[in-house]
Amino acid sequence: MVCRIPKGRVTTYKIIAGQLNTRAYRAVGRAMASNENYPHIPCHRVIRNDGKIGNYTPPGGIKRKRELLKKEGVMVKNGAVENLKEVIYRYD
DNA sequence: AATGTGACAGAGG
DNA sequence: ACCTCTGCCACAT
């Protein structure tokens, strides 16, 4: 799922859970946390439904997540995505 | 089997 | 915006 997110867009734990036809938002996050494939999976494009960044386990932490997003054109302010409606990816 | 804890969400105060 | 519950699922004790 995460790999399908286009560059410069983001999605939320809720949306992913929704696509999996479950309400296990937390389990989704847990999956990320345990999954150490961060070099080849854009986990940083997964944020919270309220637009906030959420957490990020890999080295660098939330800082890193912000940078990666910013680098892809996603503006973050105070731990929250700015033009969320514009960059969010809902798996049409 | 029973608790408790999260990269969460939503409602209520 | 804040904090406190409750619901959710997987996993560790």
Side-chain angles (χ1 to χ4, degrees):
Chain A
M1 297 291 303
V2 180
C3 291
R4 289 208 245 159
I5 308 171
K7 183 179 175 184
R9 314 274 301 276
V10 298
T11 193
T12 73
Y13 302 98
K14 176 178 188 149
I15 292 172
I16 291 178
Q19 290 300 308
L20 297 176
N21 210 34
T22 176
R23 295 142 213 79
Y25 323 115
R26 304 189 79 150
V28 175
R30 227 197 63 70
M32 298 300 171
S34 50
N35 201 344
E36 296 296 322
N37 292 343
Y38 55 90
H40 112 5
I41 293 185
C43 307
H44 57 279
R45 296 180 187 153
V46 186
I47 66 175
R48 293 179 35 157
N49 199 51
D50 57 15
K52 292 185 200 163
I53 290 305
N55 220 319
Y56 195 65
T57 307
I62 300 178
K63 253 183 161 341
R64 177 82 178 291
K65 189 164 180 176
R66 280 209 325 259
E67 289 310 308
L68 287 168
L69 288 173
K70 196 167 183 179
K71 199 158 147 186
E72 297 182 352
V74 180
M75 285 322 183
V76 180
K77 182 169 198 176
N78 242 325
V81 174
E82 283 284 285
N83 37 347
L84 187 57
K85 304 270 292 191
E86 320 269 323
V87 298
I88 196 159
Y89 180 66
R90 294 179 184 283
Y91 293 92
D92 315 296

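A note on names: the letters A, B, ... follow the listed sequences, proteins ahead of strands, and every chain is numbered from 1. Only a predicted model underlies this, so the values are computations on that prediction, with no experimental measurement involved.
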* Asked: Just checking A:Thr22: base, sugar-phosphate only, or nothing, at a heavy-atom cut-off of under 4.0 Å?
  -> sugar-phosphate
* To do: Check side chain to side chain contact (heavy atoms under 4.5 Å, CB included) between A:Ala24 and all other residues, then give those that pass, not counting sequence neighbours.
  => A:Thr22, A:Ala27
* For B:dA9, take OP1 and OP2 only and decide whether either is under 4.0 Å from a side-chain N or O of A:Arg48. => yes
* To do: Could I get the full list of side chain to side chain contact (heavy atoms under 4.5 Å, CB included) partners for A:Arg23, not counting sequence neighbours?
  => A:Tyr25
* **Nucleotide interval of DNA chain C bounded by contacts with chain A (heavy-atom cut-off, under 4.0 Å)** => C:dG7 to C:dC11
* **Pairwise side chain to side chain donor-acceptor pair (under 3.5 Å) hits with a residue in residues 66-81 of chain A, at least two apart** => A:His44-A:Glu72, A:Arg45-A:Glu72
* Nearest-Å distance, CD1 (A:Ile53) to P (B:dA7)? -> 15 Å
* Who else is in the cluster with A:Val46 when I, L, V, M, F, W and Y are joined by side-chain contacts under 4.5 Å? -> A:Met1, A:Val2, A:Ile5, A:Val10, A:Tyr13, A:Ile15, A:Ile16, A:Leu20, A:Val28, A:Met32, A:Ile41, A:Ile47, A:Ile53, A:Ile62, A:Leu69, A:Val74, A:Val76, A:Val81, A:Leu84, A:Val87, A:Ile88, A:Tyr89, A:Tyr91
N/O-N/O pairs, protein side and nucleotides 3-6 of chain B side, under 3.5 Å:
{"from": "B:dG6", "atom 1": "N7", "to": "A:Arg26", "atom 2": "NH2", "distance (Å)": "2.8"}

* To do: Tell whether A:Tyr25 reaches the base of B:dA9 with its side chain through a donor-acceptor pair below 3.5 angstrom.
  => no
* Asked: Between atom NZ of A:Lys65 and atom OG1 of A:Thr57, what is the distance when rounded to the nearest 0.5 Å?
  -> 9.0 Å
* Asked: Given atom CG of A:Asn49 and atom P of B:dA11, what is their separation to the nearest angstrom?
  -> 11 Å
* Which distance, rounded to the nearest 0.5 Å, do you find between the NE2 of A:His40 and the SG of A:Cys3? -> 6.0 Å
* **Residue pair A:Tyr56 / A:Gly61: nearest heavy atoms and the distance that separates them** => CD2-O, 3.1 Å
* Rounded distance [0.5 Å steps], CZ in A:Arg9 versus CZ in A:Arg4 -> 13.5 Å
* Which comes earlier along DNA chain C counting from the 5' end, the contact point of A:Ala24 or that of A:Lys52, where each point is its nearest nucleotide? -> A:Lys52
